[in-house]
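We number each residue from 1, following the sequence as shown.
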Amino acid sequence: MLEKHYDHEAIESRWYPEWENNKLFRAEVNSEKEPYTVVIPPPNVTGMLHMGHVLNNTIQDILIRHKKMDGYETCWVPGTDHAGIATQSKVEEGLRAKGIDPKLLPREEFLEHVWNWKENYGGIIIKQLRKLGCSCDWDRERFTMDDGLSRAVLQVFKHLYDKEWVYRGKYIVNWCPALQTALSDDEVERETRDSFLWHLKYPLSDGSDHLVVATTRPETMLGDTAVAVNPNDERYQHLIGKTLKLPLVDREIPIIAHRLVDAEFGTGCVKVTPAHSKEDFEMAQDADLPLLVVMDRRGIMNENVPEAFRGMDRFACRKAVVKAMDELGLLLKTEPHQVSVGLCYRTKDVIEPYLSEQWFIKMEPMAKRALKVVEDGEIKFHPERWVNTYRHWLENIRDWCISRQLKWGHRIPVWYCDSCGAETCSVDPATACGSCGSEEIRQDPDVMDTWASSWLWPFSVFGWPEKTEDLNYFYPTSTLVTAADIIFFWVARMVMSGTEVMDEVPFKDVYFNGIVRDEQGRKMSKTLGNSPDPLDIIKKYGADALRFSMVYNTPYGEDTRYSDKSCELGRGFCTKIWNANRFLQMTFEGVTADDQWGDHQPDMVARWMISRLNTTIGEITEDLAEFRLANAAVRIYNFFWGDFCDWYVEFLKPLQKEADEAQRAVLLGRTRAVIDQCLRLLHPFMPFVTEELWHHLDDRNAGKFLVNQAWPKADASLIQPDVERFVGAVKGVISGCRAIRKSYGLPSSAKFDLYLYVDQQQQGYLKEIQPILFKMAGLNTYHYLDKDNAPEGCTAIVVEGMNAYVDLRGHLDIEAELGKIDNKLAKLEKEIGGLRGRLNNKKFVDNAPEAVVAKARGDFEELERQIDTLRQTREDLQKLGQA
């Protein structure tokens with residue numbers, strides 16, 4: 001017998017070890033089954049479980065468990081990303097706390113500290129995912145710095161290097177002074193900030209006049225090598241080719257013409273600082289201007305600026321330059337101005353456009369094919385609207401800056417020869433120059449961007465570059481579930497690497513789940529302190545409750561708003577499922593189920609229940625195939641709580657009381673079969689409680705597990721829409737009769753006469769269900785109407801597919817009821833009169849807090865609704881009294 005109360009902690013702690021010990025999630029190459037493969041978006045090895053992980057991994061688990069039950073060989077590969085920047089930062093922070101300067105440590109010694117940290121603290125999130133119930137194949141757990149995966153990264157680098165799609169050059173990159181490393185465009189977040197536009201005078205070299213340039217970054221003027229105007233700007237045509245005296249530096253710089261200059265911005269004259277601006281760098285390339293770097297890697301002004309500014313932080317230098325220009329009389333004016341600032345996605349430090357020698361990957365050749373496979377439908381996006389975002393990025397793609405100035409990560413596999421100057425690219429460590437054979441070689445110190453490993457994830461986890469049996473069977477993967485905010489970082493790049501390296505798409509479907517936000521609609525973050533610890537939620541409500549609530553409340557491809565209160569829906573549903581099973585155990589205690597229940601002639605209730613079950617199975621299966629998981633959750637919730645618990649179980653009570661032993665055995669057999677199917681439908685959403693209840697359902701389940709059972713199949717021959725509609729109408733009549741008793745304050749024992757206007761088929765159905773209808777609706781009898789015209793003194797029950805009228809004659813003291821209503825109306829009229837006076841008072845509306853005024857208006861509308869309802873009821877009663 002089930003325990004009286006549902007104890008999620010005991011159940012969850014019992015079943016997950018059982019699943020793991022029995023290798024239920026282990027995937028094998030199986031030629032007799034079609035594979036269904038999912039690779040986990042590898043969380044950072046520094047990461048902890050958060051609400052976004054809960055949603056994303058619950059969705060993956062639902063898909064995997066469903067497909068496993070549906071007969072596929074499922075493989076869900078877990079793993080973590082080495083997270084170059086985040087991990088190195090954490091280790092450096094720990095070393096400094098111990099009084100060790102990480103910058104003074106040799107590379108190999110520092111990496112030892114990183115690996116020790118990874119072994120001791122890394123991958124906590126993987127352990128936490130077990131708490132959520134994730135059915136990953138833990139024997140396949142991967143790490144992007146594993147030997148095999150590392151070799152894959154080097155192999156792809158060499159592949160692209162040999163095609164001359166990897167190159168090294170000096171370009172403007174996004175530089176993070178805090179981390180002292182380059183970042184790709186996708187790792188830069190944009191933010192609009194209030195700042196200023198400074199108008200500065202630059203004197204002509206001959207002293208005849210001056211130009212005024214407008215800039216938002218005056219500190220970079222120290223690195224100006226030109227001033228540019230638009231070639232079509234008539235104001236400055238006569239000055240093109242002349243030179244200016246750069247203030248503070250006393251260096252002559254030319255006035256040039258370039259198409260990139262916006263004649264409408266500022267004065268139409270822009271300073272050109274090619275080492276600290278992408279646009280200026282392009283102008284410098286066209287005009288053959290010198291490139292002058294005026295900051296070091298920390299954002300500190302260097303030796304290329306006048307001594308007065310050397311050693312200053314870039315922002316302190318900004319103030320100093322403005323002050324110096326003002327003192328020289330060269331600051332014309334300062335205007336408030338909003339600027340778009342680039343921020344490091346990790347440190348939130350302001351990005352510095354910076355001239356640096358870096359490694360790049362040419363993206364355009366791979367981007368074309370990556371776009372085509374999506375547009376041709378080889379890969380399908382769900383929701384489809386994300387195709388437009390994907391297309392826009394690929395059509396405007398820039399080369400990928402792949403090098404990072406870090407120690408932790410996959411090191412660039414290129415060696416430089418000090419003897420002949422040649423480069424050698426090799427997957428295996430080079431021992432000599434590939435050109436001259438000299439052993440005087442040194443490896444490039446940089447490592448690759450973290451995404452350079454995760455873009456290979458769908459095939460590197462299966463052993464590529466080796467031609468493994470796993471790779472042949474499980475690749476391409478089936479479905480990718482990810483948030484849309486990494487469509488550029490990861491999704492597009494995986495498509496590019498898959499089509500380039502494997503000559504095949506990496507996955508067939510991509511489902512973009514929404515972002516989990518707080519109740520105010522804000523994205524959850526540590527900074528805001530609005531993100532709960534999912535483990536605390538699991539401890540309080542249970543993993544099943546959290547999983548179900550998250551999916552139920554997250555529409556297809558949309559964001560969701562989370563609050564702890566939302567988990568009460570899932571917890572309440574777990575309790576309902578538990579209590580329903582316990583009630584049926586007690587109701588049929590001592591009865592041996594007839595497993596051949598289907599051979600007996602089904603009554604109306606049986607036909608309705610089996611039809612509703614098969615309809616629901618078909619709808620849920622279709623929802624899962626289309627990634628409409630919230631729809632599926634709502635359907636199973638409504639079916640089990642509504643159709644099964646609220647109605648079928650209620651129908652069952654009078655049936656089983658009047659049944660003999662054989663009939664009770666049939667009722668139990670059928671009911672247990674329905675519950676079995678429900679538990680299977682629920683299992684992907686709520687694996688723990690369903691496993692526990694399934695084992696209590698049947699002693700024969702010992703040694704078996706629910707995830708290995710067959711997914712329910714809808715049997716079209718058992719679906720009877722007319723029966724479903726009819727019983728739906730009967731439910732409406734029963735509810736209507738109960739509502740009428742409550743509305744008029746009648747005792748529950750009050751018996752009604754019912755008038756029905758129905759067709760011949762429904763009359764036949766009514767004969768079958770008559771005992772239940774009489775019992776549950778509380779009827780004396782019912783009468784059929786030849787026309788839809790009930791006798792006076794009846795009130796209608798509005799139901800779909802049936803016209804029903806309750807005869808209230810003899811049940812009500814009309815005068816007494818009218819008196820009660822008049823008293824209520826008088827009280828409400830007095831209340832609404834007071835509110836009307838307040839809301840008509842302009843002083844109150846204008847001066848009271850907005851929330852107070854809004855509440856008053858809301859209360860007024862509610863009182864109006866109550867008054868209208870009472871007046872309608874009064875009118876109905878008067879008609880009854882006249883009958």
Side-chain angles (χ1 to χ4, degrees), residues 62 65-66 69-70 544-545 547-549 551-556 569-584 597 602 604-626 628-653 667 669-687 689-690 693-694 697 706 709-732 734-735 772 776 799-801:
I62 289 171
R65 287 179 184 268
H66 165 238
M69 297 175 76
D70 205 25
D544 284 333
R547 288 165 59 113
F548 190 83
S549 300
V551 173
Y552 184 98
N553 289 310
T554 305
Y556 171 70
L569 176 139
R571 180 167 64 181
F573 193 33
C574 285
T575 302
K576 187 73 172 180
I577 298 167
W578 185 268
N579 289 343
N581 279 266
R582 188 169 184 273
F583 171 79
L584 288 165
W597 58 270
M604 174 63 63
V605 170
R607 300 206 308 276
W608 167 74
M609 183 76 267
I610 298 304
S611 180
R612 285 293 305 127
L613 174 64
N614 280 275
T615 296
T616 303
I617 289 170
E619 291 171 342
I620 290 174
T621 302
E622 185 176 344
D623 285 336
L624 291 177
E626 295 177 355
R628 297 187 180 276
L629 278 69
N631 285 18
V634 169
R635 289 189 201 279
I636 187 60
Y637 180 92
N638 289 343
F639 174 78
F640 191 86
W641 195 306
D643 290 331
F644 183 78
C645 294
D646 288 352
W647 289 104
Y648 177 73
V649 170
E650 290 302 308
F651 291 155
L652 207 59
K653 289 176 183 177
L667 288 175
R670 179 177 69 236
T671 303
R672 195 172 65 179
V674 172
I675 290 178
D676 174 87
Q677 296 290 283
C678 287
L679 293 177
R680 295 178 192 223
L681 292 173
L682 281 163
H683 182 70
F685 299 88
M686 312 168 87
V689 67
T690 52
L693 291 172
W694 189 73
L697 190 63
L706 188 48
Q709 307 312 304
W711 179 256
K713 304 292 183 185
D715 186 341
S717 68
L718 297 175
I719 297 176
Q720 297 178 273
D722 57 329
V723 170
E724 290 189 37
R725 285 192 295 271
F726 170 75
V727 176
V730 169
K731 286 159 53 183
I734 293 168
S735 297
I772 290 176
M776 295 182 70
V799 293
E800 186 177 350

Side-chain heavy-atom pair Ile675, Phe644 within 4.5 angstrom cut-off:
yes

Using the side chain to side chain donor-acceptor pair (under 3.5 Å) criterion, which residues pair with Trp711? Sequence neighbours excluded.
Thr621

List the steps and the verdict of side chain to side chain contact (heavy atoms under 4.5 Å, CB included) for Met604 and Ile772.
CA-CA 10 Å; Met604 174 63 63; Ile772 290 176; over 6 Å; no

Here the pair of heavy atoms bringing Leu706 nearest to His683 is CD2-ND1, 3.5 Å

Side chain to side chain contact (heavy atoms under 4.5 Å, CB included) between Phe651 and Val727: does it pass, once the steps are laid out?
CA-CA 11 Å; Phe651 291 155; Val727 176; 4.0 Å; yes

Identify the two heavy atoms, one from Glu800 and one from Ala729, that lie closest to each other, and give their separation to 0.1 Å.
O-CB, 3.5 Å

Those residues that, when tested against Lys713, pass side-chain contact (heavy atoms from CB on, under 4.5 Å) (two or more places apart)
Asp70

Over all atoms of both residues, closest heavy-atom pair of Ala606 and Pro602
CB-CB, 3.8 Å

CG/Leu718 to CZ/Arg607 distance, rounded to the nearest 0.5 angstrom?
11.5 Å

Side chain to side chain contact (heavy atoms under 4.5 Å, CB included) between Tyr556 and Asn631, intermediate numbers included
CA-CA 8 Å; Tyr556 171 70; Asn631 285 18; 5.9 Å; no

Distance check, rounded to the nearest 0.5 Å: Trp647 atom CH2 versus Ile734 atom CD1?
4.5 Å

Can you find a heavy atom in the side chain of Gln720 that is under 4.5 Å from one in the side chain of Trp608?
no

Listed by chain and number, what are the side-chain contact (heavy atoms from CB on, under 4.5 Å) partners of Asp646, not counting sequence neighbours?
Lys576, Trp641

So Phe573 and Tyr637, would you call those rings parallel, tilted or perpendicular, with 30° and 60° as cut-offs?
tilted

Is there a side chain to side chain contact (heavy atoms under 4.5 Å, CB included) between Ile610 and Val674 once you walk through the steps?
CA-CA 8 Å; Ile610 298 304; Val674 172; 4.1 Å; yes

Which value, rounded to the nearest 0.5 Å, describes the distance between Met776 atom CE and Ser735 atom OG?
8.5 Å

For the backbone of Glu724 and the side chain of Ser611, can you confirm whether one donor and one acceptor N or O come within less than 3.5 Å of each other?
no

Do Arg680 side-chain atoms and Ala710 backbone N/O form a donor-acceptor pair below 3.5 Å?
yes

Does Leu569 reach the side chain of Phe548, with side-chain heavy atoms less than 4.5 Å apart?
yes

Would you name the heavy atoms of Cys645 and Ala580 that are closest together and state the gap between them?
SG-CB, 3.7 Å

Contacts of Asp722 that satisfy side chain to side chain donor-acceptor pair (under 3.5 Å) - sequence neighbours left out
Gln761, Tyr765

Salt bridge present between Arg672 and Asp676 (N-O < 4.0 angstrom)
no

So among Ile62, Ile636, Val551, Ile620, which one has a side-chain contact (heavy atoms from CB on, under 4.5 Å) with Pro684?
Ile62

Under the 3.5 angstrom rule, does the side chain of Arg628 hit a backbone N or O of Glu622 as a donor-acceptor pair?
no

Considering the options Asp643, Thr671, Leu613, which one meets the side-chain contact (heavy atoms from CB on, under 4.5 Å) requirement together with Tyr648?
Thr671

Is Asn581 reaching over with its side chain to a backbone N or O of Leu693, donor-acceptor style, under 3.5 angstrom?
no

Roughly how far, to the nearest 0.5 Å, is the CG atom of Leu624 from the CZ atom of Phe685?
5.0 Å

Strictly distance-based, threshold 3.5 Å: is any side-chain N or O of Thr690 a donor or acceptor partner for the main-chain N or O of Pro687?
yes

Side chain to side chain donor-acceptor pair (under 3.5 Å) partners of Glu650, counting only residues at least two apart
Lys653

Non-hydrogen atoms of Ile617 and Leu681 that approach each other most closely:
CG1-CD1, 3.9 Å

Which residues share a side chain to side chain donor-acceptor pair (under 3.5 Å) with Asp623, sequence neighbours left out
Arg635

